[in-house]
Each structure stands twice: as C-alpha cells, then as structure tokens.
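One structure is given here, and the rest of the page talks about it.
Here the structure is a predicted model, which means the values were calculated and not measured.
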Amino acid sequence: MKACLLPTYCLALFLSMLGTNLPVSAELIPLYVGNSWKYKMLGQRGEPVSNRVIKSARIDGTYWYGMEEWGDLYWVRSTDQGQEEAMNLFDIIDLPDDTKIEKRDVFYRIPKSLDETLEYKASAGEMKARRLTEKVKVPAGEFDVIEYLYKESGDPGDLVMRTLISPGVGIIRFETQDTSAESNTKAVYVLESYELNRPVARTGG
C-alpha cells in the first residue's frame with residue numbers, strides 16, 4: 001500500500017474499516033468564503049433562498065466566518081464540539097478592529113455515535129441532536145444527516161426549528177414554525193444545489 005499523504009483521508013479510511021460512527025471532521029457546515037447553498041421553499045412559488053459565507057475575520061486570535069443564513073448574518077466557526085456562534089455579533093457585517101467575542105455558544109453540537117442523543121441549552125431555547133439512521137433525500141441528493149430540534153418557548157407562542165445537517169455538506173433541510181398569535185407560520189426549505197470551495201475552515205488560531 002502506498003504511503004498516505006492526506007491525514008484526513010487516512011483517518012476517514014481507518015475509521016470506516018473499524019466500522020465506527022465517530023465523526024472524522026468537526027466541520028458540520030463547510031466554512032470558506034464563497035461557499036453557497038440554494039434552497040427551494042416547499043409549497044411556495046418564487047425565487048430560491050440562498051445561504052452563503054461572505055467574509056472572514058480574525059477575532060481574539062481565531063478565524064471566524066460571516067455567514068448569511070435565512071436573511072440574517074451570523075459570525076461562526078468550526079470547533080471540535082461543533083459549530084460555535086458569536087452571539088454578541090449577530091447581524092453585524094462590518095466588525096471594528098477591536099472586536100471581542102463577549103458571548104459564544106456551540107449551537108450545533110456533534111453526537112459521537114448513532115446511539116448518542118444530545119440535549120442542551122442553545123441560545124434562548126432547548127436543543128436536541130441525534131444522528132438519523134437513514135439517508136434523507138432532497139433535490140440536491142441523498143445525505144447522511146444529524147437532526148437538530150430546537151424549541152424556544154415564549155409569550156404568546158413558541159418558535160420551533162428542525163434542521164438537518166449533512167456533515168461536510170451543510171444544511172439540507174430546514175423547517176421552522178412560529179406559533180405566536182401574530183404569526184402562526186410554518187416554512188420548509190430543501191437544498192436544491194450547493195457550491196463548496198476549498199480549503200475548508202481553520203479551527204485554530
């Protein structure tokens with residue numbers, strides 16, 4: 001056998017031979033400027049919705065990525081636990097030179113196996129994460145996914161979100177429902193196409 005020159009590939013091959021379900025990469029959503037995902041909203045006509053990574057910045061010695069997602073801007077990065085969000089930088093496009101991360105949250109955490117279900121506080125709500133045993137089909141293809149169920153209780157109603165993420169690809173399906181009296185709305189988005197540039201995100205300083 002030839003010597004393996006790509007450590008990540010070798011690790012993936014080794015784990016697959018062992019038959020483990022451990023993730024070979026902490027990167028759930030590939031973070032690199034220019035990456036983009038196009039979604040179709042089920043039951044609705046109109047233009048597709050696009051999420052994209054629009055910029056990067058080095059904050060507190062670590063690379064963060066500005067991501068447009070469902071009309072909002074988030075500063076996120078990949079960690080060993082999953083995708084972390086800088087909560088105090090929500091919807092701020094141009095960051096001052098002295099920007100600091102005052103509040104952070106690993107919003108999407110990674111279950112280590114099919115048997116593990118994670119339940120934890122995320123943002124202002126509760127999250128449950130688990131790996132699904134069957135592939136999920138969307139217009140862009142069939143994918144292995146992690147399911148994230150998020151619920152934020154409030155007055156007069158609740159916000160419920162179901163997000164399916166294929167590690168290394170990104171969000172392939174997103175469902176949201178707002179049960180407040182003013183807007184009892186539900187929306188479902190499915191991935192139509194995506195474009196991933198390389199290299200992938202840097203997780204360290």
Side-chain angles (χ1 to χ4, degrees), residues 21-31 35-42 49-53 64-87 89-91 103-154 157-180 185-192 194 196 200-201 203:
N21 294 311
L22 293 175
V24 298
S25 171
E27 189 177 49
L28 286 171
I29 301 175
L31 300 176
N35 285 358
S36 62
W37 300 261
K38 186 166 68 175
Y39 299 88
K40 174 184 179 181
M41 186 176 179
L42 297 183
V49 176
S50 292
N51 294 345
R52 60 197 181 107
V53 182
W64 291 77
Y65 293 81
M67 185 167 183
E68 285 185 348
E69 192 173 274
W70 318 119
D72 295 314
L73 182 84
Y74 303 87
W75 283 94
V76 297
R77 72 183 186 114
S78 296
T79 73
D80 291 338
Q81 291 184 314
Q83 183 171 283
E84 185 175 48
E85 179 183 343
M87 308 298 288
L89 303 182
F90 174 71
D91 259 359
K103 184 179 180 181
R104 61 183 72 200
D105 184 24
V106 182
F107 193 75
Y108 294 123
R109 300 186 184 182
I110 304 174
K112 290 185 171 65
S113 70
L114 286 171
D115 299 327
E116 182 179 27
T117 297
L118 302 178
E119 297 186 35
Y120 56 95
K121 292 186 180 298
S123 187
E126 301 287 336
M127 182 77 84
K128 180 182 291 187
R130 67 187 182 104
R131 293 177 180 266
L132 299 187
T133 57
E134 297 184 359
K135 291 181 181 291
V136 174
K137 186 176 182 179
V138 293
E142 288 188 77
F143 302 93
D144 292 310
V145 302
I146 300 174
E147 177 189 60
Y148 293 89
L149 298 176
Y150 175 82
K151 183 176 182 179
E152 185 177 313
S153 299
D158 299 334
L159 173 64
V160 179
M161 297 187 297
R162 179 176 184 253
T163 307
L164 302 184
I165 299 180
S166 179
V169 175
I171 297 173
I172 68 160
R173 184 181 176 99
F174 177 68
E175 305 170 16
T176 179
Q177 184 170 14
D178 186 346
T179 63
S180 66
T185 58
K186 183 176 182 179
V188 179
Y189 301 88
V190 292
L191 184 64
E192 281 193 317
Y194 59 98
L196 303 180
V200 295
T203 58

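Using a 4.5 Å heavy-atom cutoff, the side chains of Leu191 and Ile171 are not in contact. Two residues are said to be in side-chain contact when any heavy atoms from C-beta on lie closer than 4.5 Å; Asn35 and Tyr65 fail this criterion. Counting heavy atoms from C-beta outward, Phe174 and Thr163 have side chains that approach closer than 4.5 Å. Residues Met67 and Glu85 form no side-chain contact, since every pair of their non-hydrogen atoms from C-beta on lies 4.5 Å or further apart. The side-chain heavy atoms of Trp37 and Ile29, taken from C-beta on, include a pair separated by under 4.5 Å. Counting heavy atoms from C-beta outward, Leu164 and Leu132 have side chains that approach closer than 4.5 Å. Using a 4.5 Å heavy-atom threshold, the side chains of Leu28 and Arg109 count as separate.
Atom CD of Glu69 sits about 7.0 Å away from atom OH of Tyr39, to the nearest 0.5 Å. The CD1 atom of Ile165 lies 7.0 Å from the CD1 atom of Ile146; values are rounded to the nearest 0.5 Å.
For Phe107 and Tyr148, the gap between ring centers reaches or exceeds 6.0 Å.
Lys137 meets the side-chain contact (heavy atoms from CB on, under 4.5 Å) test with Glu142; sequence neighbours excluded. Partners of Tyr194 by ring-ring contact (aromatic ring centres under 6.0 Å, His included), not counting sequence neighbours: none found. Applying the ring-ring contact (aromatic ring centres under 6.0 Å, His included) criterion to Phe90, with sequence neighbours excluded, gives Tyr74. Judged as a side-chain contact (heavy atoms from CB on, under 4.5 Å), and not counting sequence neighbours, the contacts of Lys40 are Val190, Glu192. The side-chain contact (heavy atoms from CB on, under 4.5 Å) check on Glu116 picks up Pro111, Lys112, Ser113, Leu118, with sequence neighbours excluded.
The two residues Arg77 and Leu31 make their nearest non-hydrogen contact at CA-CD1, 3.7 Å. Ala187 and Tyr189 make their closest contact through CB-CE1, 3.9 Å (heavy atoms, listed as atom of the first residue, atom of the second, distance).
Partner of Gln177 under the side chain to side chain contact (heavy atoms under 4.5 Å, CB included) criterion, chosen from Lys151, Lys186, Arg162, Met161: Lys186.
In this structure, the side chain of Asp144 does not engage the main chain of Ser166 through any donor-acceptor pair within 3.5 Å.
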Evaluate the criterion side chain to side chain contact (heavy atoms under 4.5 Å, CB included) for residue pair Ile110 and Arg131; output intermediate values, then yes/no.
CA-CA 9 Å; Ile110 304 174; Arg131 293 177 180 266; 3.6 Å; yes

Could you walk me through whether Glu175 and Leu42 satisfy the side chain to side chain contact (heavy atoms under 4.5 Å, CB included) test, starting with their C-alpha distance in whole Å, then the side-chain angles of each, then the deciding distance to 0.1 Å, before giving a yes or no?
CA-CA 10 Å; Glu175 305 170 16; Leu42 297 183; over 6 Å; no

Which atom pairs, one a donor and one an acceptor, fall under 3.5 Å between side chains of residues 122-130 and the rest of the protein, sequence neighbours left out?
from, atom 1, to, atom 2, distance (Å)
Glu126, OE2, Lys121, NZ, 2.8
Arg130, NE, Glu147, OE1, 2.9
Arg130, NH2, Glu147, OE1, 3.3

